[in-house]
Amino acid sequence: MSLPGSLTSNAKLPDPFKKLNGTRITTKSDWICRREEIKQLAERYVYGTKPAKPATVSGTVSRTSITVNVSDNGKSTSFSASVSLPSGNGPFPAVVVFAGLGADTSTIQGAGVAVINYNPLTVGAEGTPRTNKQGAFYSLYGSNSSTGLLMAWAWGVSRIIDVIQQSGGSILKADAMGVTGCSRYGKGAFVTGAFDERIALTMPIESGSGGAPIFRGIPGESGSQPLSSAYSEQPWLGDAFNSFTGNPNTLPVDTHEMVAMVAPRGLFMMENPHIDWLAAKSGSVAALGGAEVYKALGAGENISYWSDIQDGTHCAVRPEWKTPLQQNLQKFLLKTGNAAGVIRISSSKAGNLADWRDWTTPTLTDGTPTSAPPTSNPPTSAPPTSA
Ligand code: MCU
């Protein structure tokens, strides 16, 4: 695959169904290749590269903690996360909760799902210049790595999943894992779910600029955190994003396609319309745009978006999100429910997808990819990879 040599300005959201060679995908299987293109664009222009699983990943899973030891490039590092199990015997599904902020952990545990308390700052520290990034990720890949903190945090979660997969599954189930976090950790949860197909349920909360909201929407959304601010406040985004903070229209990718990268897996996006800084209007467009890919894949019921909330406190635990949270946990982690996804957009921050797209949503057939030789039993969605 060759990435575009020169970038052209496009005020509309890039067509998620259009391949880099200019043709549009026609089958559900084609999405596997198109998703890979989006992934590579997002790494190159937005977040920085996510290295593949390192040569050596080892560690332990106990009823109270997970340790991760990693070696790559002749360097070694380790980090850990604490575990809180629900009542019962297990093995349990689990949600990785970024830094505890804003997540309704009592509802998660009450549903019979374990909480893995993940401190992303040990993997990618805040408060450093871009030229001297710190944390477990950067001790392996270099303090001058151009990969931003969000992707470093995502890489850390992927290594936790590696260890759980290798653990034999007597305590935690690697095939029933979710991720959540609020605010800057909502940005992290969003990127984590997009880039690891082993994650069954992704739940970003109030992620704001640099998270789920479409980049193209930020300059025109009154009071939202400017892209230049999100880029410079912390090295969350990759260094390459610097070229786009003044004009996101030249980005060959936008966040509706990161939403689409999660498809057909479970996605529950929670946003706050009461704080302009959080860019919920642009967030609604990301959800609506990405939902078109979910629909085309026949998975329209797997995405939820909810910004219709009363209390404007940033990262509050909210009564409105409790039932949909339980339904998402049941459907995607516990496998005991099948509730349809819910889209509830606050009227005060409702974006209009029609304003943002010049493409239509195709009816994808179940056929074999147009770009690959026929197989006898084509997959309808991308198989899990060891991301
Ligand atoms: C929404 O996430 C961020 C926001 O991007 C920052 O500008 C602000 O300083 O912090 C928010 C946050 O993480 O709050 C906990």
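As the structure lists them, so they are numbered: ligands from 1, and atoms in each ligand from 1.
Using a 3.5 Å distance cut-off with no hydrogens or angles, the side chains of Arg198 and Gln165 do pair a donor with an acceptor.
No heavy atom of Gly210 sits closer than 4.0 Å to any atom of ligand 1. Heavy-atom distances between Tyr185 and ligand 1 stay at or above 4.0 Å for every pair.
Some N or O of Arg184 is nearer than 3.5 Å to an N or O of ligand 1, by distance alone. Ligand 1 has a nitrogen or oxygen under 3.5 angstrom from a nitrogen or oxygen of Trp277.
Counting atoms of ligand 1 from 1 in the listed order, those under 4.0 Å from a heavy atom of Ser207 are 1 (C). Taking a cut-off of under 4.0 Å to the non-hydrogen atoms of Leu101, the atoms of ligand 1 that pass are 15 (C). Close approach of ligand 1 to Leu278 is summarised as follows: ligand atoms under 4.0 Å from at least one heavy atom of the residue are 1 (C). The Trp236 neighbourhood of ligand 1 comprises atoms 5 (O), 6 (C), with distances under 4.0 Å to a heavy atom of that residue.
Aromatic ring pairs are classed by plane angle as parallel below 30°, tilted from 30° to 60° and perpendicular above 60°; the pair Trp359 and Phe17 is perpendicular.
The closest protein non-hydrogen atom to atom 7 (O) of ligand 1 is Glu233 OE1, 2.5 Å. Of all protein heavy atoms, the one closest to atom 1 (C) of ligand 1 is Ser183 OG, 3.0 Å. Looking from atom 4 (C) of ligand 1 to the surrounding protein, the closest heavy atom is Gln225 OE1, 3.5 Å.
Around CG of Asp355, the count of heavy atoms belonging to other residues, nucleotides or ligands within 6.0 Å exceeds 12. Crowding of Lys133 atom NZ: a count of heavy atoms from other residues, nucleotides or ligands under 6.0 Å exceeding 12.
Within the cation-pi definition used here (under 6.0 Å to the ring centroid, within 45° of the axis), Arg35 does not qualify as a partner of Trp31. A cation-pi arrangement is found for Arg130 relative to Tyr231, the charged atom lying closer than 6.0 Å to the ring centre and inside a 45° cone about the ring normal.
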Please lay out, stage by stage, how Phe137 and Ser145 fare under the test side chain to side chain contact (heavy atoms under 4.5 Å, CB included).
CA-CA 9 Å; Phe137 178 91; Ser145 162; 3.9 Å; yes
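Judged purely by atom type and a 3.5 angstrom limit, Trp153 uses its side chain to pair as donor or acceptor with the backbone of Gly124.
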